[in-house]
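To keep things clear, I will list the structure first and then write my remarks on it.
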Protein chains: 2
Amino acid sequence: MTNRSCVIRLSRYKNALLRLRTLNFVRVFSENLADAAGVTATQVRKDFSIFGITGNRRGGYKVDELIEQLNKILGKDKIQKFILVGMGNLGKALVQYAGFERSGIKIVAGFDIDANKWDKEGPVPICPLEELSEVIRRHEIEFGIITVPDFAAQQVLELMIPAGIRGVLNFAPICVKGPEGCVVNNINLVTELENIIYFVNASEKTQESQQ
Amino acid sequence: MTNRSCVIRLSRYKNALLRLRTLNFVRVFSENLADAAGVTATQVRKDFSIFGITGNRRGGYKVDELIEQLNKILGKDKIQKFILVGMGNLGKALVQYAGFERSGIKIVAGFDIDANKWDKEGPVPICPLEELSEVIRRHEIEFGIITVPDFAAQQVLELMIPAGIRGVLNFAPICVKGPEGCVVNNINLVTELENIIYFVNASEKTQESQQ
DNA sequence: GGTTTTTTGTGATTTTTTTCACATTTAATG
DNA sequence: CATTAAATGTGAAAAAAATCACAAAAAACC
Ligand SMILES: NC(=O)c1ccc[n+]([C@@H]2O[C@H](COP(=O)([O-])OP(=O)(O)OC[C@H]3O[C@@H](n4cnc5c(N)ncnc54)[C@H](O)[C@@H]3O)[C@@H](O)[C@H]2O)c1
Ligand SMILES: NC(=O)c1ccc[n+]([C@@H]2O[C@H](COP(=O)([O-])OP(=O)(O)OC[C@H]3O[C@@H](n4cnc5c(N)ncnc54)[C@H](O)[C@@H]3O)[C@@H](O)[C@H]2O)c1
């Protein structure tokens, strides 16, 4: 199996390509993609080499073809359906975000334990948690997003799995764990900010010691 | 300099420890932290070894001491101030999120180009973009969060830097670039979801080929 | 107080990832 | 149509990260 950061990079290349296409670019060089993704040109070509993507020596890559190939690899050749559990501040922002649909990602329904959040009339229906399993099965959904408080996150995951969810993005600040064969990614924004704080402090120290 | 994923892990350990403390844990073993962070016990001890954190052979680590040491390393021994630019759906969710303040991260002010978003009376004042530089300088803020549309992200960064910002978390789906010495982290949620889609598809293929 | 058991701490080893170096292809140029 | 210049593609080398293996420490037990 291929490694996570390599796949993340493929996804970044694809995003950059989509932007280049709107600017009417027809061809692109590894150098350009490297810039857009914040990596080296060699890395781009190596990544492509791993996945058997080839361009034209001297002419670079054709934007259209490359997007198509990347979409195929990333499983984005069809629309992928998600459900989201936890219609609080963050859940609402995600459900309303138009960028997902533009990228072939559709949030089919939201769920919450709180009756005040339910709303079947909106563009994305918000349903009681009890209907989770039924909706997942009916739409054959494989992917979920968790935006409930930390104490509820693991139990929400354990509701999703038996209904058929096989991949989850979790925003609650704990590492939730799925069974073998279930892909779980935990995003912790506090951790991301702490990471920035650390490296800014570290670079301050380097500068001081150089003086 | 130490590597990014190592620092991310330190932050995860710290988060797990805070939770353990609320459950009245006094001591903890590398095994427990490994579980909470989704890594191996050896990895935990190696990380600690790198930063000179020591425990007690047989007795593990004291939760309180460990939190303090990690906070020191992560620069969290004082409250860290942030500003946020782009008070849309995502920006609003982040500004209202109580978890940041609980972790010693304070969003001092929000900024937007749109006058309808301005509001100096709320718990976090939302100000016109023109005041960005002044606020950063007055509060001596070093960190920023970008939640504006993609086309505006790079120019927002370039407003922040001369005012004194040295670390940025960007949510717009492009890789913004700061000058040398400025730490920028680009979070792309579409990319995160695509990553999950990829690995679920990959594991499906593995299973099929095993049958 | 000696023995056993448990857990840390870390050099050595292995694995993974990135970078280098350069042959190969192809477009452009004269 | 030969020459040159500019890019790709990829084995080999280097660097970085993770894991192993085990000695050292310390608590628990008899
Ligand atoms: N808001 C942010 O910017 C932000 C930032 C970082 C992390 N997070 C994390 O994301 C998660 C959501 O954050 P938020 O600010 O939107 O919180 P929130 O409190 O606004 O929303 C949580 C929602 O989950 C619902 N809920 C609670 N238990 C549930 C259950 N068992 N099943 C279904 N729904 C349930 C609540 O009714 C509520 O609507 C939290 O874990 C938080 O720590 C949020
Ligand atoms: N909402 C989400 O869940 C989500 C998910 C993934 C990525 N993102 C990304 O995060 C960013 C924000 O998303 P959103 O949904 O909150 O968008 P939004 O359109 O709701 O909000 C954007 C805000 O930025 C403000 N703005 C625009 N240009 C500005 C400028 N030059 N200076 C200051 N403010 C400016 C707008 O007035 C608006 O208030 C976007 O780049 C989006 O792609 C959002």
Side-chain angles (χ1 to χ4, degrees), chain A residues 1-14 16-17 20 25-70 73 175 191 195 198-199 202 206, chain B residues 1-13 16-17 20 25-70 73 175 191 195 198-199 202:
Chain A
M1 187 146 60
T2 319
N3 92 59
R4 178 177 139 88
S5 36
C6 177
V7 177
I8 292 275
R9 287 195 302 268
L10 290 190
S11 187
R12 291 219 165 124
Y13 303 151
K14 196 211 56 187
L17 285 164
L20 289 173
F25 275 67
V26 174
R27 290 165 182 287
V28 69
F29 300 126
S30 55
E31 190 68 41
N32 309 139
L33 287 174
D35 264 9
V39 298
T40 65
T42 311
Q43 176 94 77
V44 173
R45 296 201 301 274
K46 189 64 157 190
D47 287 339
F48 286 179
S49 168
I50 290 167
F51 287 93
I53 294 175
T54 61
N56 174 313
R57 302 196 189 204
R58 185 79 199 259
Y61 306 84
K62 284 193 189 162
V63 172
D64 276 336
E65 282 178 17
L66 199 45
I67 290 174
E68 206 171 323
Q69 287 180 87
L70 289 172
I73 291 167
C175 276
T191 296
N195 189 55
Y198 175 86
F199 282 108
T206 314
Chain B
M1 184 146 63
T2 318
N3 91 59
R4 179 179 137 87
S5 36
C6 177
V7 176
I8 292 276
R9 286 195 302 268
L10 290 190
S11 186
R12 292 220 165 124
Y13 304 150
L17 286 163
L20 288 173
F25 275 67
V26 175
R27 289 166 181 288
V28 70
F29 300 127
S30 55
E31 191 69 40
N32 310 137
L33 287 174
D35 263 9
V39 299
T40 65
T42 310
Q43 176 93 77
V44 173
R45 297 202 300 275
K46 189 66 159 188
D47 287 341
F48 286 179
S49 169
I50 290 167
F51 286 95
I53 293 175
T54 62
N56 174 313
R57 301 193 190 208
R58 184 77 197 258
Y61 306 85
K62 286 194 188 161
V63 173
D64 276 337
E65 283 178 17
L66 198 45
I67 290 174
E68 206 172 322
Q69 288 180 86
L70 288 172
I73 291 167
C175 277
T191 295
N195 191 53
Y198 176 86
F199 282 108

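Computed over heavy atoms, backbone and side chain alike; hydrogens, waters and symmetry mates excluded. The chains referred to below are lettered A, B, ... by the order of the sequence lines, with proteins before strands, and numbering in each begins at 1.
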Base, sugar-phosphate or nothing for [X]? Non-hydrogen atoms, less than 4.0 Å.
{"X": "B:Gly59", "answer": "nothing"}
{"X": "B:Arg9", "answer": "sugar-phosphate"}
{"X": "B:Phe48", "answer": "nothing"}

task: Select from A:Ser5 and B:Ile53 the residue whose nearest nucleotide in DNA chain C is closer to the 5' end of that strand.
output: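 Upstream on the strand: B:Ile53.
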Given [options], the nucleotide with the shortest approach to the side chain of [X]:
{"X": "A:Arg45", "options": "D:dT19, D:dG9, D:dA5", "result": "D:dG9"}
{"X": "A:Gln43", "options": "C:dT10, D:dA18, C:dT19", "result": "C:dT19"}
{"X": "A:Lys46", "options": "D:dA12, D:dA17, C:dT26", "result": "D:dA12"}
{"X": "A:Thr40", "options": "D:dT8, C:dT19, C:dT17", "result": "C:dT19"}
{"X": "B:Asn56", "options": "C:dA27, C:dT19, D:dA26", "result": "D:dA26"}
{"X": "B:Arg58", "options": "D:dA27, D:dT19, C:dT18", "result": "D:dA27"}

Please determine if a side-chain N or O atom of [X] lies less than 4.0 Å away from the OP1 or OP2 oxygen of [N].
{"X": "B:Thr42", "N": "D:dC20", "answer": "no"}
{"X": "A:Tyr61", "N": "D:dG9", "answer": "yes"}
{"X": "B:Ser30", "N": "C:dT8", "answer": "yes"}

Tell me the interatomic distance from [X], atom [atom1], to [N], atom [atom2], rounded to whole angstroms.
{"X": "A:Glu31", "N": "D:dA6", "atom1": "CD", "atom2": "C1'", "result": "12 Å"}
{"X": "A:Lys62", "N": "D:dA7", "atom1": "NZ", "atom2": "P", "result": "17 Å"}
{"X": "A:Ile8", "N": "C:dT16", "atom1": "CD1", "atom2": "P", "result": "19 Å"}
{"X": "A:Asp47", "N": "D:dT10", "atom1": "CG", "atom2": "P", "result": "13 Å"}
{"X": "B:Phe51", "N": "D:dA17", "atom1": "CZ", "atom2": "P", "result": "11 Å"}
{"X": "B:Arg4", "N": "C:dT18", "atom1": "CZ", "atom2": "C1'", "result": "17 Å"}
{"X": "B:Asn3", "N": "C:dT15", "atom1": "CG", "atom2": "P", "result": "20 Å"}

field: First of A:Arg57 and B:Arg27 reached from the 5' end of DNA chain D, by closest nucleotide
entry: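 The 5'-side residue here is A:Arg57.
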- prompt: Within a radius of less than 6.0 Å around CD of A:Glu68, do more than 12 heavy atoms belonging to other residues, nucleotides or ligands occur?
  reply: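 Count not over threshold, so no.
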- request: Decide yes or no for B:Arg27 and B:Val63: does some side-chain heavy atom of the first lie under 4.5 Å from some side-chain heavy atom of the second?
  value: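 The answer is no, as the side chains (C-beta and beyond) never meet within the 4.5 Å cut-off.
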- prompt: Tell me, do B:Val39 and B:Tyr13 make a side-chain contact under 4.5 Å, heavy atoms counted?
  reply: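 SC-SC contact between B:Val39 and B:Tyr13 confirmed.
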- prompt: Under the side-chain contact (heavy atoms from CB on, under 4.5 Å) criterion, do B:Asp64 and B:Leu17 qualify, and how do the steps go?
  reply: CA-CA 8 Å; B:Asp64 276 337; B:Leu17 286 163; over 6 Å; no
task: Could you tell me the separation between the OG atom of A:Ser11 and the OH atom of B:Tyr198, rounded to the nearest 0.5 Å?
output: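 Nearest 0.5 Å value for the OG-OH distance: 12.0 Å.
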B:Asn32 (side chain) donor-acceptor with B:Phe29 (main chain) under 3.5 angstrom: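 The answer is yes, because a donor-acceptor pair under 3.5 Å joins these two groups.
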